[in-house]
Amino acid sequence: MGKQERSGVRWASRIFLALYAFALLIFLIGTFGWFGQETDPLSGVFLIPLGLPWNLLGDRLGLAGVAVGLLSPAINAGVLIWLAKRRRAT
């Protein structure tokens with residue numbers, strides 16, 4: 001495996017983590033009305049595509065809620081970080 005493949009997985013994980021942090025920040029700002037922003041019930045909509053397929057699985061298992069919506073992207077981030085470390089070791 002070439003060096004470029006390893007750096008590609010690292011970049012993908014970094015970009016995903018940045019998008020996750022940004023979506024989480026938008027959720028918190030919209031939920032709690034920080035910085036003078038009005039509260040918005042749809043502020044967590046950016047977390048949904050980042051958490052696929054885990055948020056759909058949680059919904060099918062009856063675990064629908066805020067915790068599943070917030071933590072399902074963390075599962076994908078964990079998988080990407082695991083892949084990056086695994087690729088780095090080889």
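Computation of the quantities below employed the complete heavy-atom set of this structure, encompassing side-chain atoms and omitting hydrogens, waters and symmetry-equivalent molecules. Computed from a predicted model, the values in this text were never measured in an experiment.
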With rounding to the nearest 0.5 Å, note down the distance linking [atom1] in [X] to [atom2] in [Y].
| X | Y | atom1 | atom2 | value |
| --- | --- | --- | --- | --- |
| L56 | L61 | CG | CG | 11.0 Å |
| F46 | L25 | CZ | CG | 12.0 Å |
| D59 | S72 | CG | OG | 11.0 Å |
| L19 | N76 | CG | CG | 12.0 Å |
| L80 | I15 | CG | CD1 | 10.5 Å |
| F27 | D40 | CZ | CG | 10.5 Å |

- Between V68 and G58, which heavy-atom pair has the shortest distance, and what is it? CG1-CA, 4.4 Å
- Task: Answer yes or no: does atom CZ of F16 have more than 12 heavy-atom neighbours from other residues, nucleotides or ligands under 6.0 Å?
- Result: yes
- Does N55 reach the main-chain N or O of I48 with its side chain, forming a donor-acceptor pair under 3.5 Å? yes
- Query: Between the main-chain N or O of R10 and the side-chain N or O of S13, is there a donor-acceptor pair closer than 3.5 Å?
  - Reply: yes
- Check the pair Y20 / L47 against side-chain contact (heavy atoms from CB on, under 4.5 Å), numbers first and verdict last. CA-CA 7 Å; Y20 180 38; L47 291 168; 3.9 Å; yes
- Taking side chain to side chain donor-acceptor pair (under 3.5 Å) as the test, write out the residues that go with T39, two or more places apart. none
Are [X] and [Y] grouped together when hydrophobic residues (ILVMFWY) are joined by side-chain heavy atoms under 4.5 angstrom apart?
| X | Y | value |
| --- | --- | --- |
| L70 | F32 | yes |
| V66 | L71 | no |
| I26 | F35 | no |

- Kindly determine whether I81 and L17 satisfy side-chain contact (heavy atoms from CB on, under 4.5 Å), including the steps that lead there. CA-CA 9 Å; I81 291 169; L17 285 172; 3.9 Å; yes
